Amino acid sequence: MAWALVMIEEVGPDIRDAWHEYQQLETGRHISQVRYTGTREERLCAYLSYCRQQGIALPGHDGGGINYGHIKRLMGIPKAHRQGVSAAMLDLLVHSGLPVAHFSGAGRITGQIHGRPWREHPIAIGELPTLVRLLSAALFTAVCYLSGMRPGEVLNLRRGCRDTDEETGELLVHGFRGKGFDRVPDQPDASEPLRPWVVVDVVHAAIGLLEELHDLPLLFPSSLISAHGERPATVNARTGRAMNDDIQDLISWINSTYQGRSRCPHPGRSCRPHQRQPLPSHPGPLHRPQAAGTDRSRTTIRPYSHKSYP
């Protein structure tokens, strides 16, 4: 749970910003691309001149070599026209005199762990899809543990579900119940209205980050990265099985990335995630979380117990 908080407070905003920058560059909507006009060669001359002025290395690959595709992305060349590199462009690049970086990154690193940046260089383009998925898993974990909602109830939360009680000032999350004989799972709004849960501010922060990460109706769509033919992300939530896989990948990433950093990001807590056996197809262990969440719509309004799970 401590690492989920780190993802919300420090790591997540950097992933969000890098993801936005990448998507804007990919679609030719980034403000930096305004300076590039004309033919591909003319754009490249302007790009190389800008790199020299700013002392920027050419984007490269982890194994070495120039990342031509990303240079064309940076110059605002549409995806359909990025194939191939002309002899004139190759000549300009070879004789540019610019160094070549060992990666092609997006965004900046502003978050810190123990007073140090959480990573040494910006997020590589190839890492972004995985990190976006892991961030979503961390936010799911935080909402589940700190709200008292069932995993299925969290997976089906909609954009705009945050609210504040005008009389008490309590923070609320509105969603649909996950159990009941009269439920219509595919159309929950057809059988009942939204129900409020009283939550803590961290839950609101996690949901806010999710709403900034993408613009889809569901907070946890079937996929943020690739289109689903049978379960389009615009109307389908991520499955429990897929989210379990994401959580396992998140645990592996934390353990492998930060194994050299012995100190916990939150002193006094045991923060190294346990590598468990594969979870069941439904993320049941997250039900009945560690924090006191209250469902104001249940027959008896009561805080959930502080039961912890291994």
Side-chain angles (χ1 to χ4, degrees), residues 1-19 22 61-63 102-107 109 111-114 116-146 151-152 154-155 202 206 209-210 213-214 219-226 228 233 237-267 269-287 289-290 308-310:
M1 187 61 212
W3 279 104
L5 297 179
V6 170
M7 294 292 283
I8 295 172
E9 298 166 359
E10 301 292 342
V11 178
D14 287 347
I15 296 174
R16 173 203 61 202
D17 294 346
W19 183 239
Y22 168 74
H61 295 288
D62 184 43
H102 63 279
F103 71 101
S104 300
I109 301 303
Q112 297 188 345
I113 299 177
H114 303 316
R116 296 163 46 198
W118 65 273
R119 64 181 295 151
E120 295 179 357
H121 56 73
I123 300 170
I125 297 297
E127 294 178 283
L128 266 174
T130 295
L131 289 180
V132 166
R133 183 171 57 84
L134 299 186
L135 173 59
S136 180
L139 299 177
F140 170 83
T141 301
V143 174
C144 272
Y145 269 76
L146 298 175
V154 174
L155 286 172
V202 174
L209 189 53
L210 282 163
L213 189 62
H214 62 83
L219 295 185
F220 299 97
S222 56
S223 177
L224 284 171
I225 309 304
S226 57
H228 271 247
R238 196 152 183 80
T239 65
R241 183 184 296 274
M243 184 56 75
N244 270 332
D245 292 341
D246 296 341
I247 292 171
Q248 290 292 342
D249 290 344
L250 172 65
I251 292 171
S252 297
W253 177 76
I254 292 171
N255 286 337
S256 63
T257 303
Y258 297 101
Q259 60 182 351
R261 301 191 182 186
S262 58
R263 287 187 297 161
C264 173
H266 291 274
R269 302 179 187 175
S270 177
C271 296
R272 184 171 175 82
H274 298 291
Q275 191 68 51
R276 309 193 242 179
Q277 295 297 317
L279 295 175
S281 59
H282 176 70
L286 292 178
H287 187 207
Q290 293 176 335
S308 60
Y309 295 91

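Remember, it's a predicted structure, so these values are computed and weren't measured experimentally.
- The distance from the CG atom of L213 to the CD1 atom of I15 is 8.5 Å, given to the nearest 0.5 Å.
- Put simply, the side chain of I247 reaches to within 4.5 Å of the side chain of F140, judged on heavy atoms.
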Determine, step by step, whether R119 and T257 satisfy the side chain to side chain contact (heavy atoms under 4.5 Å, CB included) criterion, reporting the C-alpha distance in whole Å, the side-chain angles of both residues, the deciding distance to 0.1 Å, and the verdict. CA-CA 9 Å; R119 64 181 295 151; T257 303; over 6 Å; no
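- With Q112 contributing its side chain and P117 its backbone, the two residues share no donor-acceptor pair below 3.5 Å.
- Minimum heavy-atom separation, A4 to A138: CB-O, 3.8 Å.
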H102 vs H61, test: ring pair (Phe, Tyr, Trp, His ring centres under 6.0 Å). Steps then yes/no. CA-CA 5 Å; H102 63 279; H61 295 288; over 10 Å; no
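- Put simply, the side chain of M7 does not reach to within 4.5 Å of the side chain of T141, judged on heavy atoms.
- A donor-acceptor pair under 3.5 Å is formed between the side chain of E127 and the backbone N or O of A124.
- The distance from atom CD1 of I123 to atom CG of L128, rounded to the nearest 0.5 Å, is 5.5 Å.
- A donor-acceptor distance shorter than 3.5 angstrom exists from the side chain of H214 to the backbone of L219, with no hydrogens or angles considered.
- Nearest heavy atoms, S223 versus A233: O-CB, 3.4 Å.
- For the pair I113 and Y258, the minimum side-chain heavy-atom distance is below 4.5 Å.
- Here the side chains of N244 and Q248 are not in contact, with every heavy-atom distance at 4.5 Å or above.
- The two residues A142 and I8 make their nearest non-hydrogen contact at CB-CD1, 3.7 Å.
- At least one donor-acceptor pair closer than 3.5 Å links the side chain of S256 to the backbone N or O of W253.
- Between R133 and D249, the closest side-chain pair of non-hydrogen atoms falls below 4.5 Å.
- At a threshold of 4.5 Å between non-hydrogen side-chain atoms, the residues L135 and L209 count as touching.
- For V143 against A206, the heavy-atom pair with the smallest separation is CG2-CB, 3.9 Å.
- Listed here is the closest heavy atom pair of G107 and P122: O-CB, 3.5 Å.
- Between D246 and R238 there is a salt bridge, since at least one side-chain N of the basic residue sits less than 4.0 Å from a carboxylate O of the acidic one.
- L139 CG to L210 CG: the interatomic distance, rounded to the nearest 0.5 Å, is 4.5 Å.
- Taking CH2 of W118 as the reference point, atom CD1 of I109 lies at 4.5 Å (rounded to 0.5 Å).
- Counting heavy atoms from C-beta on, the side chains of M243 and L155 come closer than 4.5 Å.
- Counting heavy atoms from C-beta on, the side chains of V154 and Y145 never come closer than 4.5 Å.
- For the pair A106 and I125, the tightest heavy-atom approach, listed with the atom from each and the gap, is CB-CD1, 3.9 Å.
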